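In this text, all values refer to a predicted model and were calculated from it rather than measured experimentally.
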Amino acid sequence: SLSEIVKEEFPKMRIIIISGYDDFDYARQAIRLGIDQYLLKPVTRMTMRKSLMELKEKIEQDMEQQDYQVQYQEELQEFEQFSLRGFFEKMLDGRLSAKEIYEKAAELSLDLTAPCYNLLLFTIYEKEGASKEWYARKQEEVFHYFLRHPRYILFRLNVSSYGVLVKGEKEQMGLLVANSLECFEKAFGQEEQRIGWYVAVGPEVERLSMLPQCYKEANHCFAYRFILPDRHVLSADSLAGYLAAPGGE
């Protein structure tokens, strides 16, 4: 009963049962529960040592296999991100035809079909005094928001910046963009002493072939983060007053 509870709460726990009951039913239950060893008393030092060494070897093999799987997943993810970045770089630069966009998207298992699109460009960086663990956790919070919603496609733009392709019905776009900005505000709005962040929003477009123009305008707004460091959300609307002022452009 104890073994069953332990296995349920801690599946990776290793268990050796030492019992005085030479009963097949006990051994059968032990097998069902995934008990590693079922030893009958009396147990000699040599038998115990042999059992422990076998279990040690098994643990090491499992750990080695787990390390290999983690490494494989990391390398696979890195390759996928590299491919995704290259695809968006070419598409946003206008180097792909509509046919090539859909063909490459299919290879990357991306569904780009939608009546309307927009682009968000953002950067996040840690300030002096912020721990790397805390910064990574806050960054992951934002990434997870975009990765779990099919209306957003997150991609790396360059070494320090990321992009999000927003896709959906035309009447949904305002809400999708607003929800995205709210996510940034919730994650970083009260943390300006420890983290820096900027988000640029492009104009809505109704065709994939118009994304290069959307990107051009979003990138133009994004550049204003160097001129207006206290303004975190940058768009044609949010910059309208500044651009309209004398000497603003």
Side-chain angles (χ1 to χ4, degrees), residues 73-125 136 138-170 172-184 187-188 196-226 232-236 238-239:
Q73 289 297 327
E74 289 176 348
E75 290 176 354
L76 181 62
Q77 187 176 27
E78 185 177 344
F79 174 75
E80 289 175 345
Q81 284 299 315
F82 179 78
S83 300
L84 198 62
R85 177 179 171 181
F87 167 64
F88 274 98
E89 183 179 298
K90 291 178 181 178
M91 181 173 69
L92 298 179
D93 282 347
R95 287 183 275 160
L96 297 177
S97 66
K99 180 182 177 183
E100 289 172 327
I101 289 173
Y102 282 109
E103 288 176 349
K104 188 62 179 176
E107 292 177 15
L108 296 170
S109 300
L110 294 177
D111 180 12
L112 299 183
T113 306
C116 197
Y117 305 91
N118 205 338
L119 283 170
L120 304 178
L121 310 180
F122 70 91
T123 186
I124 307 169
Y125 59 92
K138 300 297 285 185
Q139 185 184 53
E140 188 63 29
E141 182 181 329
V142 171
F143 288 173
H144 182 65
Y145 175 81
F146 291 117
L147 291 172
R148 74 175 190 265
H149 289 298
R151 294 299 183 186
Y152 304 114
I153 299 177
L154 176 69
F155 61 94
R156 187 150 204 155
L157 192 63
N158 52 46
V159 175
S160 59
S161 303
Y162 296 84
V164 177
L165 175 64
V166 187
K167 58 191 184 78
E169 301 292 333
K170 185 172 179 60
Q172 293 179 318
M173 296 305 290
L175 181 61
L176 289 169
V177 170
N179 288 343
S180 302
L181 298 179
E182 185 180 356
C183 170
F184 284 102
F188 310 129
W197 63 281
Y198 297 95
V199 186
V201 184
E204 296 175 10
V205 295
E206 296 182 1
R207 296 193 305 274
L208 282 172
S209 60
M210 297 175 67
L211 279 176
Q213 181 62 30
C214 176
Y215 171 67
K216 182 179 179 181
E217 294 186 35
N219 204 29
H220 179 73
C221 293
F222 200 38
Y224 277 89
R225 67 190 187 277
F226 300 113
H232 297 286
V233 177
L234 305 162
S235 66
S238 69
L239 295 172

### CZ on F184 to CG on L120, rounded to 0.5 Å
6.5 Å
### Message
Is any side-chain heavy atom of L119 closer than 4.5 Å to one of L92?
### Response
yes
### Query
Shortest non-hydrogen contact from C221 to A236?
SG-N, 3.6 Å
### Message
How close do Y117 and M173 get, counting heavy atoms only, and between which atoms?
### Response
C-CE, 3.5 Å
#### Entry: Pairwise distance CG(L121) to NE2(H220) - rounded to 0.5 angstrom
13.0 Å
Side-chain polar contacts of residues 140-152 - donor-acceptor pairs under 3.5 angstrom, sequence neighbours left out - could you list them?
{"residue": "Y152", "atom": "OH", "partner": "L176", "partner atom": "O", "Å": "2.7"}
{"residue": "Y152", "atom": "OH", "partner": "S180", "partner atom": "OG", "Å": "3.2"}

## Note on the structure
side chain to side chain contact (heavy atoms under 4.5 Å, CB included) filter on L181, not counting sequence neighbours, yields V177, V199, V201, V233
## Note on the structure
Hits for salt bridge (Lys or Arg N to Asp or Glu O under 4.0 Å) against E100, two or more places apart or cross-chain, chain-then-number order -> none
### Message
For G168 versus P115, what's the shortest heavy-atom pair and its separation?
### Response
O-CD, 3.3 Å
### Approximate separation, where rounding is to 0.5 Å, of I124 CD1 and K138 NZ
10.5 Å
### Summary
Applying side chain to side chain donor-acceptor pair (under 3.5 Å) to E206 and not counting sequence neighbours gives none
### Message
Suppose we screen for side chain to side chain contact (heavy atoms under 4.5 Å, CB included). Which residues come up paired with K216, at least two apart in sequence or across chains?
### Response
Q213
### Message
Run F226 and Y198 through side-chain contact (heavy atoms from CB on, under 4.5 Å) and show every step you take.
### Response
CA-CA 10 Å; F226 300 113; Y198 297 95; over 6 Å; no
### Task
Working to the nearest 0.5 Å, report the span between SG of C214 and CG of L165.
8.5 Å
### Query
After noting the C-alpha distance and the side-chain angles of L157 and F122, does the key distance pass the side-chain contact (heavy atoms from CB on, under 4.5 Å) rule?
CA-CA 9 Å; L157 192 63; F122 70 91; over 6 Å; no
### Query
Would you call the rings of W197 and F188 parallel, tilted or perpendicular if under 30° counts as parallel and over 60° as perpendicular?
tilted
### Query
Between the side chain of S238 and the main-chain N/O of S235, is any donor-acceptor distance below 3.5 Å?
yes
### Task
Could you list the residues that satisfy salt bridge (Lys or Arg N to Asp or Glu O under 4.0 Å) with K104, not counting sequence neighbours?
E107
### Query
So do C116 and N118 actually touch side chain to side chain, heavy atoms under 4.5 Å?
no
### Message
Show the nearest heavy-atom pair for residues S161 and N158, with the distance to one decimal.
### Response
N-OD1, 2.8 Å
### Query
How long is the span from the NZ atom in K90 to the CD1 atom in I101, to the nearest 0.5 Å?
12.0 Å
### Query
When rounded to the nearest 0.5 angstrom, what distance separates CG in L112 from NZ in K167?
7.0 Å
